[in-house]
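These notes are about the structure you will find just below.
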Amino acid sequence: MAILKFENVTKRFGKVIAVDNMSFETKDGEFLVILGPSGAGKTTTLKISCGLVNPNEGRVYLDGDDITNVPPYNRDIAMTFENYSLYPHMTVFNNMAYPLRSVKDAFTAKEIEERVVSVAKMLHIDPLLQRFPAEASGGQKQRIALGRTMVRKPRVYLLDEPLAHLDAKIRVELREEFHRIEALKQATTIYVTHDYTEALSLGDRIMILSEGKLLQIDTPDNIFYRPLSYEVARQVGQPAINAIACLVKSMNGKMVLQSEKEKTFSVSLSPEQGKVFASYKKERVILGVRPQNITIIPDRAKLGIDGVVDVFQPLGSEGVLTTIIGNLSLVGLVDPESEIEHNQKIKLFLDSQAFYFFDVDSKKNIAL
Amino acid sequence: MALVTLKNVNKIYQSQKEEVHAVIDLNMEIRDGELVAVLGPSGCGKTSTLRMIAGLEEITSGDILLDEKRINDLSPMERNVAMAFESYSLYPHMTVYKNIGFPLDVMKLSREDKDKKIRDITKVFDLEDILQKRPPQLSGGQQQRVSLARALVRKPEVFLLDEPISHSDVHLRFQMRNEIKRLHYELSATMIYVTHDQIDALSMADRIAVMNFARLQQIGTRNELYDRPLNKFVAGFVGEPHINFFECSVAKRNGQIILKADNSDNLQFEIGRQRTARIQELNLSKVTVGVRPQYIYIQKQEKACDIQGNTIFSEFIGEKSITIVKNGGVEFAILTPTTVKYKKDEVVKACVPHEAILVFQPETEEAIY
């Protein structure tokens, strides 16, 4: 059992509020990912969890016990740091054995060896045990740091941006590796990242932070498809969701959203979507459309929105198309092998099933 | 007009102990008005190449031509080539306006002409509101734009860009790529862009020159590099998600050649007649097969399924899902629709079109077509 709970936790550094009245509770054995831009309070949240930082207000509980004032070494919570912090003069084996040896007489030499070797095998670093950290690659160093945390078999793992400094290919490899490490799947793990793909891929749930505030804590599906606010929607997805400030109009009994910047851009809503606006009395709303819900359709199509190609970026499995519609610019994801020229006329289809509506003032998702 | 030609260019660095051959026999032509990205891992010789074109580095042997005129011995100033660097290298005590105008000071322009040039370029980069600020007051993205504007204000014939956007965050990088490409349309200038990031290269370049171990591996469009890579390195370095490689044994069945993946249960690939002939001609018993995750199509029907396996896990990453599948001791990735959720250990059947199967020779790692 390991359930970590924050209750109205606030941490201030001088005038800066790093963590602002935060409350959440992990589930037992959950892989919880904290996602947010730099300065959101992600690392401070981890440090409060393991006791390296004391909160100004609020309480922290582990399985119902108040651990707010328990020192780090008595918490049975282990943290892996972004910069690995390995001891350069010690072999990989000794680095990994360190947490076991630091508690006097807790483990015999044989027990230590068994634990280190079994974790090293799990992380595929067993051939490196007699080498020094300087001889290991970035990806291997990350595994060593992770292994050092794992030998302790703590109740809660805290991982601070473990993949941040690795190059793209190794990041993806290690991200996949995390799916296979049984120890992490079973233990309660809190994982901090600024990369939304890592969060979506790894998290049982994702906690979105911005400026010290918790914006949403939910499953990857709900975070992506049912964001509580524009801010959450903007943090997951690359390129970011299109946001179009619109006037709410009614035409022939149908609800229509017309862009404020560009009068020729309007979309009509289904009766279902119209209902969302029944309790929303404002004249303006922000229409959100994710790039993957914008597609190119043939010129002869009757429906669709006419535009002119601004820039086309063909990538690996998708192409990023920026289209100009009068005063408006829309970003879509299309087939990367498309032959698209700058200034070419083009017709776009916006999947209205995938529209999001955000309150013009609070930026809250009004459909939820 | 600005056509850049590199002929048998070599660069050797001498240190006390050893010689480092940083660029080996490089032949490349960058057409007028083209944006070419030079892509490769660190130490592949891409920055040395750029610095030789700029005139910041001596050429050990070979020639560099600008519009068919040899420029080996011209100083950087005489080359009409501008360079923007990875680090912004702005003057912190000067305003943005003065930083951008700096390269014009040596050109003996009238004050009005100089002012007009600065105003024009700052409009392109949307810097008009911050002209009187100094670099320390700017965000990283703004500094990068100022650095680019300064490189471009001279309207040189050739722009050289050395990882100019590598310090930005993801959202900003996307915008910067759009901006550089827009600028390229507007100025229709020749640009050479050095990067280690394939996304930068794919997104902006007309053609991409892939370098490794000091040699040019291939130069081509995105689609050429994707669908007809010349060797295993190019196939592996370019591609997101990363390509699947299978070590295969060449087997015969009913007179047909089958490439059977080693350590797999029943993972095998058939290729067309032309490549079958080539494999026989070369008398190969082993080859490496490469298949990109987006060219493996999940099929419901029993027939026409070239490969199958059991799911290990599937990761949903927003715009796409990647599913890892196992067949015997071999694992591979498939790009799957986000609408389908796979559980562990589901059976997946998939089709791989012949033309999506890349075959590489075992030792030379050259592609067989």
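First the proteins, then the strands, lettered A, B, ... as listed; each starts at 1. Only heavy atoms go into these numbers, but all of them, side chains included; no hydrogens, no water, no symmetry mates.
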| Structural part of A:Pro336 lying under 4.5 Å from a heavy atom of chain B | both
| field | Heavy-atom neighbours of B:Phe213 CZ exceed 12 at 6.0 Å | value | no
| request: Side chain from CB out, backbone as N, CA, C, O: work out which of these in B:Phe237 comes under 4.5 Å of a heavy atom of chain A, or both, or neither. | output: neither
| request: Could you tell me which portion of B:Asp197 (side chain, backbone, both or neither) has an atom closer than 4.5 angstrom to a non-hydrogen atom of chain A? | output: neither
| side-chain contact (heavy atoms from CB on, under 4.5 Å) partners for A:Ala18, two or more places apart | A:Phe13, A:Thr44
| query | Hey, which residues of residues 315-327 of chain B are touching chain A, say heavy atoms under 4.5 Å apart? | reply | B:Glu315, B:Phe316, B:Ile317, B:Gly318, B:Glu319, B:Lys320, B:Ile322, B:Ile324
| request: Could you tell me the separation between the OG1 atom of A:Thr322 and the CZ atom of B:Arg177, rounded to the nearest 0.5 Å? | output: 11.5 Å
| query | Which of residues 203-212 of chain B have a heavy atom under 4.5 Å from any heavy atom of chain A? | reply | B:Ser203
| message | If you apply the rule side-chain contact (heavy atoms from CB on, under 4.5 Å), what do you find for A:Val331 with B:Phe174, and how did you get there? | response | CA-CA 11 Å; A:Val331 178; B:Phe174 165 69; 3.8 Å; yes
| message | Is B:Asn178 in contact with chain A via its backbone, its side chain, both, or neither, using a 4.5 Å heavy-atom distance? | response | both
| Could you state the interatomic distance from NE2 (A:His342) to OH (B:Tyr185), rounded to the nearest 0.5 Å? | 6.0 Å
| said: Counting only heavy atoms not in B:Lys341 (residues, nucleotides, ligands), do more than 12 fall under 6.0 Å from its NZ? | reply: yes
| note | If one checks every heavy atom of A:Ser317 against chain B at 4.5 Å, the contacting part turns out to be both
| query | Under 6.0 Å from the CG atom of B:Asp345, do we count more than 12 heavy atoms belonging to anything else shown? | reply | yes
| note | Interface check, chain B: of A:Leu333, A:Ile223, A:Asp221, A:Val172, most non-hydrogen pairs under 4.5 Å belong to A:Asp221
| message | At a 4.5 Å cut-off on heavy atoms, which part of A:Glu341 comes close to chain B: side chain, backbone, both, or neither? | response | neither
| field | Approximate separation, where rounding is to 0.5 Å, of A:Arg180 CZ and B:Glu331 CD | value | 4.0 Å
| query | Should the heavy atoms of other residues, nucleotides or ligands under 6.0 Å from CD of B:Glu128 be counted, would the total exceed 12? | reply | yes
| query | Are there more than 12 heavy atoms of other residues, nucleotides or ligands under 6.0 Å from atom CD of A:Glu211? | reply | no
| note | Checking heavy-atom separations under 4.5 Å from chain B, one finds in residues 308-316 of chain A A:Asp310, A:Val311, A:Phe312, A:Gln313, A:Pro314, A:Leu315, A:Gly316
| Selection from A:Gln292, A:Gln238, A:Glu318 maximising heavy-atom pairs under 4.5 Å formed with chain B | A:Gln238
